[in-house]
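Below: the structure, in structure tokens.
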Amino acid sequence: MLGKQKRKYGALSFAMIMAFAIYSLSGFASDAFAKEAFAGQAFAEDAFAKEVHAQEAAEGEGEPEIEWSQDVFYKDWEGNPLKGPVSGPPAPDLDESDYNTYEFAPSRMILWIANQQHLYFGSFVLAVPIFCMIIEFVGIRTRESDPIMSEKYDRLAHDLMKVSLTAYSWTAILGGILLFTFITLYPGFFKYMAGIFRPVMHIYALMFLAESGVLYVYYYGWDKMKDDMFLKWIHCSLSVLLNLIGTVLMYLANSWATFMQAPGGIDEQGRFLGNIWHAIHSTLWNPVGVHRILGNIVFGGGIVGAYAAYHYLTAKTEEERAHYDWVCYVAMFIAIFGLIPLPFAGYWLMKEVYAFRQQMGITLMGGIMAWLFIIQAVMIGLLFFGANSYLHNGMSRVKGSHRYMKYAKYMILLLIICFTMWMTPHTIVMTPAELKAMGGAQHPIVGHFGVMSAKNTAVNLMITCTVLCFLLYQRSNKKINVPWATIGNCWIAAIFVGAAVNIIFLGVYGYFLPANQRVGLSVPQVTTTLTTLFAGTAINISMFKDSESYGEIQWGTQSKVGTYAIFLMAISFTWLMGLMGYIRSAVRLFWHVTEVVRDNSVDAYTLTIGEAGKMLTFNTLFVWTQFVVVFWIASLTAKKVKAEAPEGVPVPAQQQQ
């Protein structure tokens, strides 16, 4: 009985365990099935989402597809237009409602004045630190050999920086006026430019801030860092840093102007292609930068020279006259140093203009701008006449210069002949009767001087003549004692005679070549001229070793003609800067950005020569009035220091023995 019950309870327990096991197994099975089902559902949903997403993307409703377009200027190594991702909106199609105007003057004239005045002062404040860097360096180098002269160099550099500091603030104000003029009168166009050059504008502002800081440390730390030689070198290094920052600022600002004339980094619709370097580094960026650096040096030298010339003419004492005569020489020395290679930079710029758009070059040199280039030739001729006149008259105060003064008349005659060829136009506007009388659009004889073969020859001979005049000025009071003096003189004579023969030969040979090959002859002509500059100067300076002086430089005896030549150079170059700026801007004709953003304002027309001349003259007079005010403000804080003549000291160029 008990055994049956035990078996009954055992069977019951077994049944219950089995039931629990079966229950548990079913639960486990259901969880596994549920998880599997959930995973399958998630996979299906994910796959469905991907399918839908792909379908939406295919239908253009997902992430936008990257659009690629072709650059208007840059090409790959095979010569095909370079492609880039479209990163900006197309150029705006402006109409008259996108421009604002004032009733008292056309917007174009207001913007021209604001831009030109800012450019003048910007050039001045970029040039003066270059002057100060050179003058301070010369002062440091002469500290041990001639401490008195070193002190004069240092004081001159400090005085120039004081003027530059005042002009710097003036430049910033004019820059603000220019910016507001752009925003208010040309808002649509400015918005487009700001969209492309937004990062450049921010960098420009930061660089301007950096330049301000270095400028103030450089100027106000002058006296603190003057006596200790180590600190003086650090101070001079600050001037190098100041000029580097100023050069970067100039190049950044140039990128906006060169983009407007020869754009890059955008497609035909004006859409930015994502590479800001391409927008900055357009085809004219480098030549315009070099051209402006040299132009700034000449312009700054002219302004400082005119300032010193005014004080020279109004000086009350002999010491004061001698001091400002010496300052005139230093300013003219630096200005002529920049003037000699300036035409070559202009050639490079025009070459790049032709390479970008041949029609643009034709418009400049043979189209509606051709007569402006004739005026430009006249102004450049005046600059070389002024430089040579100053050197010839300056030689008269140097004892021993009589040996070379007899050559002055021949050099002047050569300058006149070359200047006449240089300014001869290719064609002129004539009546039918005049055309018939002359036998055609070109004069049978004079017309030959209107082509580039004659003009390149003329300007290279003018530069070579100026270089020779400068070398003679250097050695005016020197008695050469090196044993190889005769050989050295023969080498200098051979270099200049050979250069003249080669330049003339290449000019004549150009008449027998097609126009496209004739242009290439300018390269060997320029190379010949530069050879006279570097080789002639090197040999000339080498011959000064152990030389004797014929006497002291008679500072303060410069003739009035030579002094007026400084004013001629300063005024001519100011006017010329405005002219070249107008030519570069006007060659775009009815475009804000060439072939991309059309100028649809009421002022989109090319001025007549007379209208342009009036504006250029007004800008010149206006900026000179401001310079007078700036110099007067700078003089308010000046301490009256007795001017001392650099007696018994050779001119800077003659110290290099």
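When reading the values below, keep in mind they use all heavy atoms of this one structure, side chains included, and skip hydrogens, waters and symmetry mates. Since we're looking at a predicted model, the values are computed, not measured.
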Could you check whether atom [atom1] of [X] has more than 12 heavy atoms from other residues, nucleotides or ligands sitting under 6.0 Å from it?
X	atom1	result
E268	CD	no
Y404	OH	yes
I487	CD1	no
Y509	OH	no
K436	NZ	no
K75	NZ	yes

[atom1]/[X] to [atom2]/[Y] distance, rounded to the nearest 0.5 angstrom?
X	Y	atom1	atom2	result
N115	Y582	CG	OH	14.0 Å
M411	L391	CE	CG	9.0 Å
C328	F333	SG	CZ	15.5 Å
I130	L160	CD1	CG	13.0 Å
N477	R403	CG	CZ	8.0 Å

Would you find a donor on one side and an acceptor on the other, under 3.5 Å apart, between the side chain of [X] and the backbone of [Y]?
X	Y	result
D71	L82	no
Q116	I113	no
S255	L252	yes
S476	S401	no
T424	T420	yes
N540	G536	no

Practice item. Decide yes or no on side chain to side chain donor-acceptor pair (under 3.5 Å) for Q558 and T563, but give the supporting numbers first. Key: CA-CA 7 Å; Q558 171 70 289; T563 307; 5.3 Å; no
List the residues meeting side-chain hydrogen bond (donor to acceptor under 3.5 Å, both in side chains) with [X], not counting sequence neighbours, and say none if there are none.
X	result
S164	none
T457	Q525
T606	none
S572	none

Exercise for review: Mark yes or no: R108 above the aromatic ring of Y186, with NZ or CZ under 6.0 Å from the six-membered ring centre and no more than 45 degrees from the axis.
Suggested key: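 Geometry flag: not set, cation outside 6.0 Å or 45°.
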Please identify each residue that fulfils side-chain contact (heavy atoms from CB on, under 4.5 Å) with [X], with sequence neighbours left out.
X	result
I362	Y354, Q358, Q359
T625	none
Y511	H448, V451, S453, A454

Taking the ring centre of each residue, are [X] and [Y] less than 6.0 Å apart?
X	Y	result
W422	F449	no
F470	F337	no
Y390	Y329	no

Between [X] and [Y], which heavy-atom pair has the shortest distance, and what is it?
X	Y	result
L414	C465	CD2-CB, 4.1 Å
G301	A335	CA-CB, 4.0 Å
V459	P343	CG2-CB, 4.4 Å

Practice item. Run through I340, T464, L471 and flag the one making a side-chain contact (heavy atoms from CB on, under 4.5 Å) with L533. Key: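 Only one option passes, and that is I340.
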**Study point:** Residue pair F344, L530: steps toward the side-chain contact (heavy atoms from CB on, under 4.5 Å) verdict
**Key:** CA-CA 10 Å; F344 304 138; L530 292 178; 3.4 Å; yes
Identify each donor-acceptor pair in which a side-chain atom of residues 488-495 lies under 3.5 Å from a protein atom, sequence neighbours left out, and give them as a table.
residue: N489; atom: OD1; partner: R475; partner atom: NH1; Å: 3.4
residue: N489; atom: OD1; partner: R475; partner atom: NH2; Å: 2.8
residue: N489; atom: ND2; partner: A485; partner atom: O; Å: 3.2

Practice item. Using the side chain to side chain donor-acceptor pair (under 3.5 Å) rule, pick out the option among T528, T531, T529 that qualifies with N502. Key: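 One option only clears the test, and that one is T528.
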Only distances under 3.5 Å count here; give the side-chain donor-acceptor pairs of residues 285-293 to other protein atoms, sequence neighbours excluded, each with its distance to 0.1 Å.
residue: W285; atom: NE1; partner: Y251; partner atom: O; Å: 2.8
residue: N286; atom: ND2; partner: H281; partner atom: NE2; Å: 3.3
residue: R292; atom: NH1; partner: N254; partner atom: OD1; Å: 2.4

Table please: side-chain donor-acceptor pairs of residues 588-596 below 3.5 Å, with sequence neighbours left out.
residue: R588; atom: NH1; partner: W591; partner atom: O; Å: 2.9
residue: R588; atom: NH1; partner: H592; partner atom: O; Å: 2.9
residue: R588; atom: NH2; partner: S585; partner atom: OG; Å: 3.0
residue: H592; atom: NE2; partner: Y99; partner atom: OH; Å: 2.9
residue: H592; atom: NE2; partner: D599; partner atom: OD1; Å: 3.4
residue: T594; atom: OG1; partner: M260; partner atom: O; Å: 3.2
residue: T594; atom: OG1; partner: Q261; partner atom: O; Å: 2.7
residue: E595; atom: OE1; partner: R357; partner atom: NE; Å: 3.3
residue: E595; atom: OE1; partner: R357; partner atom: NH2; Å: 3.0
residue: E595; atom: OE2; partner: R357; partner atom: NE; Å: 3.0

Review point. After noting the C-alpha distance and the side-chain angles of F622 and Y120, does the key distance pass the side-chain contact (heavy atoms from CB on, under 4.5 Å) rule?
Key: CA-CA 11 Å; F622 190 30; Y120 278 139; over 6 Å; no
For residues 612-621, tabulate all N or O donor-acceptor pairs below 3.5 Å that involve a side-chain atom, not counting sequence neighbours.
residue: T617; atom: OG1; partner: W575; partner atom: NE1; Å: 3.2
residue: T617; atom: OG1; partner: G613; partner atom: O; Å: 2.8
residue: N619; atom: OD1; partner: Q117; partner atom: NE2; Å: 3.0
residue: N619; atom: ND2; partner: M615; partner atom: O; Å: 3.4
residue: T620; atom: OG1; partner: L616; partner atom: O; Å: 2.8

Check your understanding: How far apart are the C-alpha atoms of F627 and F121, what are their side-chain angles, what is the distance that settles it, and do they pass the ring pair (Phe, Tyr, Trp, His ring centres under 6.0 Å) test?
Key -> CA-CA 9 Å; F627 274 126; F121 269 86; 4.6 Å; yes
Exercise for review: Go through the steps to decide whether R584 and L364 satisfy the test side-chain contact (heavy atoms from CB on, under 4.5 Å), and finish with yes or no.
Suggested key: CA-CA 9 Å; R584 281 199 298 271; L364 284 171; over 6 Å; no
Exercise for review: Report the C-alpha distance between T537 and T532 in whole Å, list the side-chain angles of each, state the deciding distance to 0.1 Å, and finish with yes or no for side-chain contact (heavy atoms from CB on, under 4.5 Å).
Suggested key: CA-CA 8 Å; T537 303; T532 62; over 6 Å; no
Residues 366-389, side-chain donor-acceptor partners within the protein, below 3.5 Å, at least two apart:
residue: N388; atom: ND2; partner: F384; partner atom: O; Å: 2.7
residue: N388; atom: ND2; partner: T466; partner atom: OG1; Å: 3.0
residue: S389; atom: OG; partner: N393; partner atom: ND2; Å: 3.3

